[in-house]
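For reference, the structure is listed below as structure tokens.
Residue numbering restarts at 1 for every chain, and letters A, B, ... go by the order of the sequence lines.
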Amino acid sequence: MRPGCGIPVADSRCAVLKTIGCGELRAEHAGQPVTVAGWVHRRRDHGGLLFLDLRDSTGLVQVVFHPESEAAAAQVASGVRAEYVLQVRGTVQPRLAGTENADMPTGAIEVVASDAVILNAAETPPFSIVEETNTSEVMRLKYRYLDLRRERMARNLRLRHQVVKFIRDFMDSRAFIEVETPSLGLATPEGARDYLVPSRVHPGAFYALPQSPQQYKQLLMVAGVDRYFQIARCYRDEDLRGDRQPEFTQLDVEMAFVEEEDVLALIEDLYAQMAAVVGAKFSVPSPFPRMTFAEAMEKYGSDKPDTRYGLELHDLTEQVRGSEFQVFSRVIEEGGRIRGFVVPGGADIARRGVDALTDLARENGASGLVWAQFTGSGALEGLSADDVRSPVSRFFTPDQLGALAAACGGTRGDLLLLAAGPDALTSRVLDTLRRKLADDRGLADPNTLAFLFVTQFPMFEWDATEKRWSAVHHLFTAPFEEDVPLLESDPGKARSHAYDLVCNGQEIASGSIRIHSRETQLAVLRTLGIQFEEAYEKFGHMLDAFTFGAPPHGGIAPGIDRTVALFAGERDIREVIAFPKTKSASDPMTGAPAGVSARQLQEVHVALDAVARDAIAAGARVDAEEDA
RNA sequence: GGCCCCGUAGCGUAGCGGCCUAACGCGCCACCCUGUCACGGUGGAGACCGUCGGUUCGAAUCCGAUCGGGGUCGCCA
């Protein structure tokens, strides 16, 4: 049995080149003849006696070569180097007393070699497979097939398989069917930039790779497939981050005849059960807390709060109203608020540390940061000037400051942080500070997966650059029934049936109940500035479909990469993707993307512009081409 | 697209105006070593400091551009 898989491994019994996996050997195999095969992990040559650690997908085992009894095998072994592919015939034996290795699962035994065959020699690898050295990202990607030999990466790939397998089994058990949808689709005007694919047979026309199978899955609902899912690849041509790749994988889900609650219940079951199977070491809340968007913004200043620690935000506007501190009074006059939170034990943060927080607040648009540190311990009562350190002590008495901190749940020994301004600003600033402090002070328990649902997102947000409304989730998201009139009168106030699954400060899944009526869809498109004719040009198939009896439906799409990264304890989703791309969306291994021949361009009727020609002349991407 | 950081032997780093004909660790090569498991010992090879241009008597070290990588903001419905 392979660890964690539960299925007997065929090749450990039936194979010819090996009879058992290296890592499967145990004391119970003592005395058995075996054939093992794998990569030379380490070699310890004692001149006479020689040890090799042999590695395959099941793990490591020590092989020992005795030159006196098996000269030929020892001869082969002495010529072997790191990463050679080696087959060894021998006998499993208990190690000599006192030489067992408790750190290895196979440490009680060793294979005494009688025969060794080099199946393939290997060049010295460009970086160590054995050690977790900090090889540069390019190196790792260029030789990804070597990087993936590392234990950590092999473990991540296996975990990913388990997650995907769990999902398929779970969805199947809930009567969902997996349906594949096209990769070559129609470009959409809203949302991320599309990856375009030129058409050879339709000169001047382009397909777009899907940003998600959104439209197809809704059309499947109209088609009567009332429970659909897909492990779907999605493509977005936007700038990358550690948690963003140009192509990524989603669990795409859609259900008909459901309301919000049905979708949330399904996803909660999925993640709770998945955690029990692949993430047993994590503690997971049950049930998952629910929070509206408005609550999340009020308590955490974020729509994806990390709830593993407190540092909750509080509104102190009323308490400071009428103060002589101009910064506060002016903000209040202008309709802003004073919000803040308390850092338990934060009185120990040095002045330099507090200044760094102030800088961070400024970088996020605040004009400053008001703070107060309270010395000692115990309740915030009867404070004297010596008990409080604060740049605003001229404007507030020690007891006034103490009362503010107390309102945030603080005590002596704590640090109070206050930001003033419009909500959008204070939310942003305090969210940043909150995450920074949690990080600095190690407040987030790494063994907790704090799942929660955030609901009731607004329908629209104002795009100041484009000077128009844009959809917060996407343009097929259903508004609250009672908010439909707001679509025209006050779009910013309209709530939507959009929801997110959030975990540890990350958005893990995002979904919504969809619009299934043509009229509502047209109204939403109007708010977005898409008039009837354009709407039909871009979404005619959707609008038409809605006229043929579209059932109420909704869905969600959890990110597989982020989910696996979460369970793997990885910060960067590249660590759970077999062949990821760099931040500039290139692949150092294959050299993609690269130029193509003039003939290929002609065939698809594409001409390069001056920028492209200059880039080629300047040698952009030639590195990769040369290496390929 | 903006800002910040990085680019020195196969790998990871040090050096940050002349003492660098570039140092250290790992790896590599050779020899020695019969119980190791990051084996050990001795010896050795290996980079002209991403690329281009400039400043300077003199540059790995300063400046500019460029390429590549990373972070971050914008962006990512």
Side-chain angles (χ1 to χ4, degrees), chain A residues 41-53 60-69 74 81-83 95-104 106-107 110 112 123-143 146 188-194 211-212 214 234-246 248 360 363-365 428 432 457 459-461 463-466 469-477 496 498 507 510 512 524 528 530 557 559 571-572 574 581-584 586 588 614-615 617-624 627:
Chain A
H41 192 66
R42 273 209 177 86
R43 195 173 66 119
R44 292 179 293 281
D45 187 347
H46 288 237
L49 192 65
L50 188 151
F51 298 97
L52 290 183
D53 291 338
L60 286 177
V61 70
Q62 172 167 288
V63 182
V64 58
F65 293 84
H66 294 288
E68 286 166 5
S69 47
R81 294 290 180 271
E83 300 304 312
R95 294 201 189 179
L96 298 182
T99 66
E100 301 89 348
N101 186 343
D103 296 333
M104 293 173 76
T106 61
E110 62 195 0
V112 181
E123 293 291 321
T124 303
F127 50 80
S128 173
I129 310 298
V130 175
E131 287 163 40
E132 277 278 328
T133 50
N134 296 331
T135 311
S136 74
E137 202 63 26
V138 219
M139 251 351 220
R140 293 182 59 198
L141 292 183
K142 181 165 176 179
Y143 298 97
L146 296 180
T188 46
E190 292 276 310
R193 291 189 191 92
D194 291 310
Q211 295 175 26
S212 79
Q214 183 60 38
C234 308
Y235 307 85
R236 292 178 191 176
D237 189 5
E238 293 292 345
D239 288 346
L240 307 178
R241 290 288 197 291
D243 62 351
R244 256 190 257 158
Q245 281 276 302
F248 60 97
L360 195 59
E363 284 166 29
N364 281 278
R428 177 182 160 131
T432 306
F457 277 77
M459 281 292 285
F460 308 103
E461 63 194 345
D463 184 331
T465 330
E466 303 272 327
W469 293 101
S470 71
V472 167
H473 185 56
H474 60 54
L475 47 76
F476 305 113
T477 302
S496 73
E507 176 194 312
S510 195
S512 64
V524 167
L528 293 170
I530 300 173
R571 199 164 253 238
D572 191 324
R574 279 179 293 205
K581 294 195 169 47
T582 67
K583 209 202 126 182
S584 61
S586 64
D614 287 351
R621 313 257 2 104
V622 288
D623 266 357
D627 293 337

Which is true for [X] with a 4.0 Å heavy-atom rule: it touches a base, it touches only sugar-phosphate, or it touches nothing?
X: Glu110(A); value: base
X: Glu507(A); value: nothing
X: Val472(A); value: sugar-phosphate
X: Arg42(A); value: sugar-phosphate
X: Ser496(A); value: nothing
X: Arg428(A); value: sugar-phosphate

Could you check whether any side-chain N or O of Arg42(A) sits under 3.5 Å from a backbone N or O of Asp53(A), counting only pairs where one atom can act as donor and the other as acceptor?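 The answer is no, because no donor-acceptor pair under 3.5 Å joins these two groups.
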Ignoring hydrogens and angles, answer whether the base of [N] and the side-chain atoms of [X] contain a donor-acceptor pair closer than 3.5 Å.
X: Arg571(A); N: G70(B); answer: no
X: Arg244(A); N: C76(B); answer: yes
X: Arg236(A); N: C75(B); answer: no
X: Glu137(A); N: G68(B); answer: no
X: Asp239(A); N: C75(B); answer: no

Nearest to side-chain heavy atoms of [X], which nucleotide of [options]:
X: Arg44(A); options: C11(B), U72(B), C37(B); result: C37(B)
X: Asn101(A); options: G71(B), U36(B), C37(B); result: C37(B)
X: Phe51(A); options: G74(B), U36(B), C37(B); result: U36(B)
X: Asp572(A); options: G71(B), C11(B), U36(B); result: G71(B)
X: Met139(A); options: G74(B), C11(B), G70(B); result: C11(B)

Phosphate-side-chain proximity, Ser584(A) and G69(B), N/O vs OP1/OP2 below 4.0 Å: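 Looking at the OP1 and OP2 atoms of G69(B), one of them is under 4.0 Å from a side-chain N or O of Ser584(A).
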Under 4.0 Å from OP1 or OP2 of G12(B): is there any side-chain N or O of Ser136(A) that close?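 Answer yes for this pair, as a side-chain N or O of Ser136(A) is under 4.0 Å from OP1 or OP2.
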Side chain to side chain, Val472(A) and Ser496(A), heavy atoms closer than 4.5 Å: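 A side-chain contact is absent here, since even the closest heavy-atom pair is not under 4.5 Å.
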Polar atom pairs (N or O), protein with nucleotides 24-30 of chain B, under 3.5 Å:
| unit_1 | atom_1 | unit_2 | atom_2 | d |
| --- | --- | --- | --- | --- |
| C29(B) | OP1 | Arg81(A) | NE | 2.9 |
| A30(B) | OP2 | Arg81(A) | NH2 | 3.4 |

Partner nucleotide, any strand, of [N] [Watson-Crick/G-U, under 3.5 Å]:
N: G53(B); result: C63(B)
N: G25(B); result: C11(B)
N: G68(B); result: C6(B)

By side chain to side chain donor-acceptor pair (under 3.5 Å) - contacts of [X] (at least two apart):
X: Glu110(A); result: Gln62(A)
X: Ser212(A); result: none
X: Arg574(A); result: Asp572(A)

Polar atom pairs between nucleotides 40-50 of chain B and protein, under 3.5 Å, N or O only, would you list them?
none

If the condition is salt bridge (Lys or Arg N to Asp or Glu O under 4.0 Å), which residues does Arg244(A) pass it with, not counting sequence neighbours?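 With sequence neighbours excluded, Arg244(A) shows a salt bridge (Lys or Arg N to Asp or Glu O under 4.0 Å) to no residue whatsoever.
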